[in-house]
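Remarks on the structure that follows.
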Amino acid sequence: MSSQPIIVVKHLHKHFGKVEALNGVDLEVERGRVIVIIGPSGGGKSTLLRCINHLEAPTGGEIWIEGERLTHNQQRLNAIRAEIGMVFQLFNLFPHLTVLENVTLAQRVVRKRARDEAEKIAMQKLERVGIPEKANSYPGQLSGGQQQRVAIARALAMDPKIMLFDEPTSALDPEMIKEVLDVMLDLAKEGMTMLVVSHEMGFARAAADEMIFLDGGKIVEQATPQELFANPKEERTKLFLSQILTH
Amino acid sequence: MSMGHVADRTSQQSIEAPSLTTARPGTIGRRLADLPWWLFAIIALILWVATIILTQPNYLEAFARISGTYRGLLGMLRAGIVVTIGTSLAAYLIAIVLGLLTGLGRMSRNVFVRNVARTYIELVRGIPMLVLIFFIALVGVPAAVDFINSIGEWFASIGLTALADLFGGMENQAVPMIVRAIIALAVTYGAFLAEIFRAGIQSIGRGQMEAARSLGMTYAAAMRYIILPQAIRNILPALGNDFVSMVKDSSLVSLLAVRDMTQMAKVYSGSTFRFREAYVTLSILYLTMTVSLSLGVQAIERRLRKHE
């Protein structure tokens with residue numbers, strides 16, 4: 001059972017009207033692997049992540065999570081989503097709830113944990129991301145980096161088996177990027193299965209087992225970070241890397 | 001076009017904040033300009049009329065008749081002022097439930113639900129409120145009573161007497177006019193509130209729903225814990241303004257002979273020919289209610305802004 005890939009994506013297609021966001025993506029992710037996805041904007045990176053937890057319904061192909069195929073069955077989708085943490089570019093914390101409530105709500109509503117237990121777990125996760133002292137603040141009182149760390153704690157409190165990161169540092173001021181990446185690096189070291197859309201090449205080098213270059217809705221190249229940075233095989237990959245690495 | 005309607009209705013009701021732009025900065029002149037003079041004017045008007053009511057017997061009698069305070073404590077429940085407030089409150093509470101359900105239905109993925117909601121909203125909007133109130137009270141309610149009776153007859157025809165008794169034998173007159181008036185106002189305002197709820201829900205960014213769903217919450221749980229609390233906070237001023245409108249529009253129920261303040265004023269002036277006393281007093285009673293409610297709405301708005 002543990003040898004079976006935790007995520008399997010087969011011939012995935014997604015189009016919005018006439019726009020093909022994903023055009024036949026095949027991907028297998030083994031348990032505990034960290035995959036960093038790069039590519040030009042509009043290349044389908046976010047759409048791929050959003051299809052994996054069915055925030056977008058694919059228009060074609062299959063997605064399997066732990067051997068179960070995603071269908072339109074809402075109950076199964078809710079159950080599977082609870083196992084997949086997602087971190088968004090714009091944090092999407094719940095502004096009307098305190099940090100602690102943000103981290104406990106889904107535990108109580110979805111996992112049916114008692115308040116005490118949920119709060120205990122929430123505090124553990126907040127300590128883990130380094131901001132237990134903000135438990136009673138509201139999201140609006142936190143910096144961007146702190147908000148993103150709360151968002152990570154919120155996802156972790158559900159004990160997810162997979163974590164999806166959709167450009168988690170793109171909306172952050174430069175001095176806050178490191179605090180978020182440090183948390184993600186720790187997670188990667190502890191063996192969390194992670195799919196990360198990010199152009200933080202330092203993080204990719206340090207944490208990624210594999211990198212994927214996604215362009216035009218297709219996987220153009222898939223390789224270890226060392227290979228991809230040292231000798232990219234595809235012209236498009238070379239061009240893209242030269243553009244993001246020269247600055 | 002749909003939003004325009006709501007916006008018109010609300011802007012028309014809200015009392016404008018004092019303008020800050022015309023005054024010179026940092027002077028006594030500016031502080032004076034910032035004072036709510038419009039409010040002082042209205043309060044002065046109310047106090048002036050109150051003095052007249054207290055000092056002139058004709059006015060005092062008109063006031064006692066219209067407000068219903070002459071009935072003494074026990075009679076108060078049937079007094080005009082209580083009928084006006086009670087009708088407005090009851091109709092508004094029903095309208096809130098109706099409006100929330102219709103607002104959610106308007107955004108439903110289900111084609112049938114979506115179109116039922118839309119049809120209801122457009123029907124109510126396309127018919128003058130006065131006509132709608134007559135229609136619901138004098139056509140809609142009797143038709144509903146007939147329908148319920150026909151269900152009873154059908155149960156009787158297939159021999160289910162217990163159910164037949166439950167549904168059958170309902171008299172049209174058994175539904176008092178005040179109940180019909182409340183139903184009519186609630187149905188009318190339900191459509192307005194539906195659009196406010198929809199606008200409020202749609203004002204919450206998509207990311208909130210996505211974050212909630214990504215944590216495994218159902219659509220209903222996400223609505224209840226994440227979207228609605230934020231949406232209702234945003235639309236609280238609009239909801240409050242519509243309650244002020246409701247208090248005013250409740251005067252229409254006097255046309256169903258419901259003994260609200262307006263009806264009492266009609267009856268009083270009809271028998272005494274003291275039109276001036278009756279309608280000055282009636283206007284001041286409404287004005288006192290709506291201005292205090294508007295101030296309450298403003299206070300809520302200010303508190304919400306402080307918490308942002």
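Given the structure is predicted, the values throughout are model-derived calculations rather than measurements.
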Open item on the list: Is A:R154 in contact with chain B via its backbone, its side chain, both, or neither, using a 4.5 Å heavy-atom distance?
Closed with: both
TODO: With the side chain counted from C-beta on, respond yes when A:V109 and B:R224 share a heavy-atom pair under 4.5 Å apart, and no when they do not.
DONE: no
Task: Distance, nearest 0.5 Å, that separates CG of A:L90 from CZ of B:R206 - done: 12.5 Å
Open item on the list: Report which part of A:Q75 has an atom under 4.5 Å of a heavy atom belonging to chain B: side chain, backbone, both, or neither.
Closed with: neither
Open item on the list: I want to check something: taking the side chain as every heavy atom from C-beta on, are B:I226 and A:H96 in contact at a cut-off of under 4.5 Å?
Closed with: yes
Task: Donor-acceptor contact below 3.5 Å, side chain A:N92 vs main chain B:G207 - done: yes
TODO: Side-chain contact test, heavy atoms from C-beta onward, threshold under 4.5 Å: evaluate it for A:Q74 versus B:T218 and give yes or no.
DONE: no
TODO: Among A:P95, A:A155, A:G140, single out the residue with the greatest number of heavy-atom pairs under 4.5 Å to chain B.
DONE: A:P95
- [ ] Please name the pair of heavy atoms, one in B:S214 and one in A:N53, separated by the smallest distance, quoted to 0.1 Å.
- [x] CB-ND2, 3.8 Å
Task: Greatest number of heavy atom pairs closer than 4.5 Å to chain B - which of A:F88, A:F94, A:Y138 - done: A:F94
Task: chain B contact via A:I84 - which portion, at a heavy-atom distance below 4.5 Å - done: backbone
Task: Residue pair A:N78 / B:R213, side-chain heavy-atom distance below 4.5 Å - done: yes
Open item on the list: Taking CZ in A:F16 as the centre, count heavy atoms belonging to other residues, nucleotides or ligands within less than 6.0 Å. Is the count above 12?
Closed with: yes
TODO: Could you look at A:E56 and say if it's the side chain, the backbone, both or neither that has a heavy atom under 4.5 Å from chain B?
DONE: side chain
TODO: Examine whether an atom of A:L93 lies under 4.5 Å from a heavy atom of chain B, and if so say whether it belongs to the side chain, the backbone or both; otherwise answer neither.
DONE: backbone
